[in-house]
Chemist: 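Please see the structure below; I have some questions.
FYI, the numbering just counts along the sequence from 1. Counting starts at 1 for both ligands and their atoms, following the listed order.
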Amino acid sequence: MHEMMVAESLLAAISTEATKQNARPVNARISCGMLNAINDEVLCFAFEAIAKGTKCEGMKLHIEYKPMRGRCKSCNESFDVELSHPECSKCSSEDFELLPDAPLLLEEIEFATEQ
Ligand SMILES: [Zn+2]
């Protein structure tokens, strides 16, 4: 299962950071491309399961999907592709190429403030 592998690498990355900061992580923000075949519910479930008993137990993942990017073949503009209306944002040409989907990224970890 793809999500399980993603959850494991996220847990490893967050744990490393938590050890470095000596703090308990509470939230993490993740971003990935829209075409990335990640099911966020499955990912959160997998993460919760493997985080049990670690310092990441109970923390929440927030996944943000980035729009697809295209590059216009007429004017060379890069733009967010709207699925309902795929055309260049600058010259309205429909002749464009799709750029590679954004990779899955761990954007930010929020730690609990210790008293
Ligand atoms: Zn254009």
Chemist: With distance as the sole test, does Gln21 use its side chain to make a donor-acceptor pair with the main-chain N or O of Glu17 at under 3.5 Å?
Modeler: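 It does not hold such a pair.
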Chemist: Look at the side-chain heavy atoms of Ile, Leu, Val, Met, Phe, Trp and Tyr, link any pair under 4.5 Å apart, and say whether Tyr65 and Leu98 land in one connected group.
Modeler: yes
Chemist: Please tell me whether Phe45 and Ile38 are part of a single hydrophobic cluster in this structure, the criterion being side-chain heavy atoms less than 4.5 Å apart.
Modeler: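 No, Phe45 and Ile38 fall in different hydrophobic clusters.
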Chemist: Starting from Met34, can I reach Val81 by hopping between I/L/V/M/F/W/Y residues whose side chains sit under 4.5 Å apart?
Modeler: yes
Chemist: Under 2.8 Å from the Zn ion (ligand 1), how many protein N, O or S atoms can be found?
Modeler: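 The number of such protein atoms is 4.
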Chemist: Does atom CD (Glu97) have a neighbourhood of more than 12 heavy atoms from anything else shown, all under 6.0 Å?
Modeler: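 More than 12 heavy atoms, drawn from other residues, nucleotides or ligands, come within 6.0 Å of this atom.
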Chemist: Checking Glu77 side chain against Cys91 main chain: does a donor-acceptor pair fall under 3.5 Å?
Modeler: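 No: the side chain of Glu77 does not pair with the backbone of Cys91.
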